[in-house]
Visitor: 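Here it is, the structure in full.
Here the structure is a predicted model, which is why all the values come from computation and not from measurement. All values below come from the heavy atoms of this structure, side chains included, with hydrogens, waters and symmetry mates left out. The sequence lines fix the lettering, A, B, ..., with proteins before strands; numbering per chain opens at 1.
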4 protein chains.
Amino acid sequence: MPRTPEQNKLLREKTSKKILEAALKLFARKGFHGTSMSDIAEAAGVSKGLAYNYYKSKKHLLEALLILMQEMSNQVEIVMNKSDDPFEKLKLIINYSFKYVKDNEEFWLLYMGIIFQPSVLKSSVLIFDEVYDSMYKVFEQIFRRIGMKNAVAEARIFGGLFDGIFLGYLMNKDKYPLEKVRKQMLKRYSKIELQKLL
Amino acid sequence: MPRTPEQNKLLREKTSKKILEAALKLFARKGFHGTSMSDIAEAAGVSKGLAYNYYKSKKHLLEALLILMQEMSNQVEIVMNKSDDPFEKLKLIINYSFKYVKDNEEFWLLYMGIIFQPSVLKSSVLIFDEVYDSMYKVFEQIFRRIGMKNAVAEARIFGGLFDGIFLGYLMNKDKYPLEKVRKQMLKRYSKIELQKLL
Amino acid sequence: MPRTPEQNKLLREKTSKKILEAALKLFARKGFHGTSMSDIAEAAGVSKGLAYNYYKSKKHLLEALLILMQEMSNQVEIVMNKSDDPFEKLKLIINYSFKYVKDNEEFWLLYMGIIFQPSVLKSSVLIFDEVYDSMYKVFEQIFRRIGMKNAVAEARIFGGLFDGIFLGYLMNKDKYPLEKVRKQMLKRYSKIELQKLL
Amino acid sequence: MPRTPEQNKLLREKTSKKILEAALKLFARKGFHGTSMSDIAEAAGVSKGLAYNYYKSKKHLLEALLILMQEMSNQVEIVMNKSDDPFEKLKLIINYSFKYVKDNEEFWLLYMGIIFQPSVLKSSVLIFDEVYDSMYKVFEQIFRRIGMKNAVAEARIFGGLFDGIFLGYLMNKDKYPLEKVRKQMLKRYSKIELQKLL
DNA sequence: GATGAATGAGACTTCATTCAT
DNA sequence: AATGAATGAAGTCTCATTCAT
């Protein structure tokens with residue numbers, strides 16, 4: 001009894017997702033070169049052959065993950081635009097980012113891993129460069145609207161803080177006081193404190 | 001006539017340094033797994049066999065680099081202790097760190113690469129964990145002495161800033177306004193501004 | 001459609017046997033260090049990679065052969081126990097051993113090669129030591145039952161004879177009068193002649 | 001102050017002997033392929049370069065050892081010819097051989113190693129074949145003179161005994177009752193016992 | 001859609017040999 | 001006579017990818 005086309009489509013999606021998730025997990029932890037297709041297939045519970053049935057090559061798997069990440073990165077802007085007040089925006093960004101990292105550790109690790117080894121996938125750099133650039137532009141505007149003189153530098157500091165904090169957190173999740181840091185960030189970038197510095 | 005021991009020592013030092021430098025450059029850019037011993041030997045201008053004459057294995061090469069890094073990391077504390085004033089300490093740390101990254105981009109890249117793929121070298125994690133921990137302790141003390149309530153979180157923020165900023169810088173050295181950011185950091189952590197927030 | 005598990009099992013057995021046989025042949029003739037995995041793969045008619053698919057390393061291949069040999073070595077005792085008469089036992093041992101060597105030249109060569117280079121595989125020595133020891137014990141008992149005074153030494157002489165004779169035979173199979181020697185051995189260790197020496 | 005020609009010659013001989021002895025020791029224990037020139041040079045306490053100064057290649061070293069062995073093998077005949085009585089000859093051979101093995105374990109091990117891996121050195125086979133052949137001829141004559149019918153087979157048995165016994169001895173020097181075996185051999189091949197079997 | 005046996009290029013590593021001094 | 005740095009071929013092993021079924 002052959003499967004109906006719908007059943008087949010569902011099955012395909014499910015399997016392809018399993019593979020993608022296994023790849024994400026392993027690339028994040030062991031790096032692209034440190035992960036073998038066998039590892040991925042095994043972690044996904046499918047045969048090597050089947051993995052190739054869904055993704056033409058190891059590189060294609062990575063690319064599929066990058067595209068996913070790119071799509072997710074748009075979320076920040078959506079969240080941010082829930083308010084028009086720059087101080088409120090900062091708050092939304094901080095809260096969203098901390099939540100995002102906790103929920104998507106692996107994506108974040110993969111992203112960092114790729115950033116640090118651009119040779120793995122030339123094209124990736126371009127993608128992220130754009131994402132980064134546009135993000136910094138937005139931060140800059142926010143700080144300008146707040147009235148800060150050095151909005152360019154402040155934007156870099158603000159953006160850098162996330163990377164740095166999350167890095168520290170992921171390096172040692174058990175000890176890191178993530179919640180305390182989030183609160184302190186909110187305080188540091190609150191209307192009250194920022195206005196003291198103007 | 002054989003070479004004199006001195007000649008040999010010089011030769012060994014020169015060659016072993018060439019190899020180590022080539023390894024640093026390549027590991028930093030392409031990652032440990034992404035770099036082959038052939039790459040390293042070629043970049044160093046020696047034969048593959050000779051590289052093994054000096055470093056027992058690819059892993060040993062990496063370890064030699066890590067030891068070097070660990071030695072360098074002690075510098076921060078030395079620099080910091082040139083003054084006893086906590087505000088001055090912060091200034092010294094900021095200036096030293098920015099200078100350090102500019103002068104040792106590759107070390108920093110390698111370090112990040114390793115942090116993100118601890119599976120490459122289990123032992124490395126331990127080394128860095130210690131370094132990090134002791135550094136955060138020192139930052140905490142400084143902020144406590146300044147009179148900040150949330151010294152723990154502030155220390156994490158301060159430390160994270162460096163990683164985040166340098167990460168952004170190394171991702172795109174051409175565009176990054178490193179000097180502006182340094183100045184803004186000095187301002188943000190100056191006595192004047194910090195005291196406004198107490 | 002994938003192959004059925006049965007098909008795969010058959011395939012695996014066939015291929016793994018081909019590789020093992022090739023390894024035996026080459027290790028026996030050229031020694032462990034003198035044989036390369038390429039040699040083995042080529043002789044087995046498979047790719048190098050496949051050989052590693054079946055045997056984790058060159059050493060594992062050797063170990064697989066040793067286990068086979070150990071299993072075979074139990075045969076002697078089985079054969080010997082077909083009779084209870086010590087003179088008959090000697091006859092059975094002689095006939096079985098001569099036949100065994102002719103049928104399993106390569107195993108015998110491999111075995112000797114390993115004996116002479118214990119550094120190749122430390123564990124092997126222990127295995128064979130045990131086999132040897134228990135064999136000599138058995139020989140000793142036989143000679144004691146026959147009534148010989150120096151059963152210990154006689155057992156060593158009897159056992160040594162096999163090794164020595166087979167060594168001579170395998171060194172130069174064309175010229176060696178194996179059949180004549182077998183007959184003479186039977187005579188030498190026959191009831192009639194042995195009793196003359198009591 | 002340059003060395004005199006005599007001094008030089010002495011030095012050369014001493015050094016070349018050191019190297020040869022180191023090679024013998026290592027080849028015997030670890031096999032030809034299992035021994036590296038570095039091992040040999042180190043064991044001999046000289047530099048690798050110097051070893052090559054004395055022996056053109058690793059193979060040449062082995063050949064030098066084989067020639068030495070060949071020279072030593074002539075000793076048997078000399079010893080044997082001290083008496084004209086065949087029974088006495090057997091006694092001399094037995095005693096000499098047991099003594100020889102104890103005094104020259106390494107030579108004997110090397111010899112066995114080569115016998116079992118003729119591929120290492122094609123030429124060696126020819127050398128040993130000759131030695132063996134002539135030896136068996138001599139044994140045959142002895143047994144014929146004693147009056148044995150199957151002198152051919154008896155010669156093979158007698159010769160094989162040595163190889164087999166020594167093999168057993170060298171496999172496990174601590175436990176092997178070499179002295180007992182020697183005595184039993186003398187008894188077995190004494191005039192009294194042999195004549196019982198005629 | 002699915003399997004896993006099979007391939008082969010390329011990685012890590014060793015070592016006989018050469019050579020500058 | 002002597003050293004040991006240096007080379008490069010060859011060996012062990014891994015893994016992305018293909019393919020028969």
Visitor: Tell me the interatomic distance from Leu61(D), atom CG, to dC15(E), atom P, rounded to whole angstroms.
Guide: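 Computing the Leu61(D):CG to dC15(E):P distance gives 16 Å.
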Visitor: Among all residues two or more places apart in sequence or in another chain, which pass the salt bridge (Lys or Arg N to Asp or Glu O under 4.0 Å) test with Lys59(A)?
Guide: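 By the salt bridge (Lys or Arg N to Asp or Glu O under 4.0 Å) rule, Lys59(A) matches no residue at all.
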Visitor: Is there, by distance only and without an angle test, a donor paired with an acceptor across the side chain of Lys48(D) and the base of dT17(E) below 3.5 Å?
Guide: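 Indeed there is one.
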Visitor: Can you check the Glu42(B) CD to dA11(E) C1' distance for me, whole Å?
Guide: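 The distance from CD of Glu42(B) to C1' of dA11(E) comes to 15 Å, rounded to the nearest Å.
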Visitor: How many Å lie between CG on Asp39(A) and P on dT14(F), as a whole number?
Guide: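 These atoms are roughly 12 Å apart.
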Visitor: Filter on ring pair (Phe, Tyr, Trp, His ring centres under 6.0 Å), then keep only pairs touching residues 36-56 of chain A, sequence neighbours left out; what's left?
Guide: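 Pairs touching residues 36-56 of chain A that pass the test: none.
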Visitor: With nearest nucleotides of DNA chain E determined for Gly49(A) and Gly49(C) from heavy-atom distances, which residue corresponds to the more 5′ nucleotide?
Guide: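 With Gly49(A) and Gly49(C) compared, the 5'-side residue is Gly49(A).
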Visitor: Take atom NE2 of His33(B) and atom C1' of dG10(E), then tell me their distance rounded to the nearest Å.
Guide: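 Value for this atom pair: 16 Å.
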Visitor: Do Phe116(D) and Trp108(C) come close enough that some side-chain heavy atom pair is under 4.5 Å?
Guide: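 Yes, at least one pair of side-chain atoms sits under 4.5 Å.
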Visitor: Would you please name every residue forming a side chain to side chain contact (heavy atoms under 4.5 Å, CB included) with Ala23(C), sequence neighbours left out?
Guide: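 If we apply the side chain to side chain contact (heavy atoms under 4.5 Å, CB included) test to Ala23(C), skipping adjacent residues, the hits are Phe27(C), Ile40(C), Leu61(C), Leu65(C).
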Visitor: Name all residues meeting the side chain to side chain contact (heavy atoms under 4.5 Å, CB included) criterion together with Glu71(D); count only those two or more places apart in sequence or in a different chain, and write none if there are none.
Guide: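 If we apply the side chain to side chain contact (heavy atoms under 4.5 Å, CB included) test to Glu71(D), skipping adjacent residues, the hits are Ile67(D), Leu68(D).
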Visitor: Taking only residues at least two apart or on different chains, which pairs with a member in residues 15-37 of chain C satisfy side-chain hydrogen bond (donor to acceptor under 3.5 Å, both in side chains)?
Guide: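 Non-adjacent pairs meeting side-chain hydrogen bond (donor to acceptor under 3.5 Å, both in side chains): Arg29(C)-Glu106(C), Lys30(C)-Asp39(C), Ser36(C)-Asp39(C).
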Visitor: Tell me every residue that passes side chain to side chain donor-acceptor pair (under 3.5 Å) with Ser47(B), counting only those two or more places apart in sequence or in another chain.
Guide: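 Ser47(B) satisfies side chain to side chain donor-acceptor pair (under 3.5 Å) with no residue once adjacent residues are dropped.
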Visitor: Does any residue of residues 51-58 of chain C have a heavy atom under 4.0 Å from DNA chain F, and if so, which ones, in number order?
Guide: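 Those residues whose heavy atoms fall under 4.0 Å from DNA chain F, taken from residues 51-58 of chain C in numerical order, are Tyr52(C), Ser57(C), Lys58(C).
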Visitor: Can you pull the salt bridge (Lys or Arg N to Asp or Glu O under 4.0 Å) pairs that have at least one residue in residues 40-50 of chain C, sequence neighbours excluded?
Guide: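 Salt bridge (Lys or Arg N to Asp or Glu O under 4.0 Å) check on residues 40-50 of chain C returns no pairs.
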Visitor: Pairs counted only when both distances fall under 3.5 Å, Watson-Crick or G-U: show me the 5' to 3' dot-bracket for DNA chain F, [ ] for pseudoknotted crossings and | for other-strand partners.
Guide: .||||||||||||||||||||
Visitor: Side chain of Leu50(D) only, please: which of dA2(F), dA2(E), dT13(E) is the nearest?
Guide: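 Minimum distance to the Leu50(D) side chain belongs to dA2(F).
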Visitor: Could you state the interatomic distance from CG (Leu110(B)) to CG (Leu26(B)), rounded to the nearest 0.5 Å?
Guide: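 CG of Leu26(B) is found 11.0 Å from CG of Leu110(B).
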Visitor: How close or far is atom C1' of dG11(F) from atom CG of Leu26(C), stated in whole angstroms?
Guide: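 Computing the Leu26(C):CG to dG11(F):C1' distance gives 15 Å.
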Visitor: Name all residues meeting the side chain to side chain donor-acceptor pair (under 3.5 Å) criterion together with Gln7(C); count only those two or more places apart in sequence or in a different chain, and write none if there are none.
Guide: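 Testing Gln7(C) for side chain to side chain donor-acceptor pair (under 3.5 Å), a comparison that skips the adjacent residues, returns Thr4(C).
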Visitor: What nucleotide, of dC12(E), dG8(E), dA16(E), holds the atom closest to the side chain of Ser47(C)?
Guide: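 Ranking dC12(E), dG8(E), dA16(E) by closest atom to the Ser47(C) side chain puts dG8(E) first.
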Visitor: Within residues 9-20 of chain C, which residues have any heavy atom lying less than 4.0 Å from an atom of DNA chain E?
Guide: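 Result for residues 9-20 of chain C: Leu11(C), Arg12(C), Thr15(C), sorted by number.
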Visitor: Check the distance between dT14(E)'s P and His60(B)'s NE2 and give it to me in whole angstrom.
Guide: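 Taking atom P of dT14(E) as the reference, NE2 of His60(B) is at 11 Å.
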Visitor: Would you kindly give the CE-to-C1' distance between Met37(B) and dT7(F), to the nearest whole Å?
Guide: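 Distance check: Met37(B) CE to dT7(F) C1' gives 15 Å.
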Visitor: Taking only residues two or more places apart in sequence, or in another chain, which ones meet Glu13(B) in a salt bridge (Lys or Arg N to Asp or Glu O under 4.0 Å)?
Guide: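 Counting only residues at least two positions away or on another chain, Glu13(B) forms a salt bridge (Lys or Arg N to Asp or Glu O under 4.0 Å) with Lys9(B).
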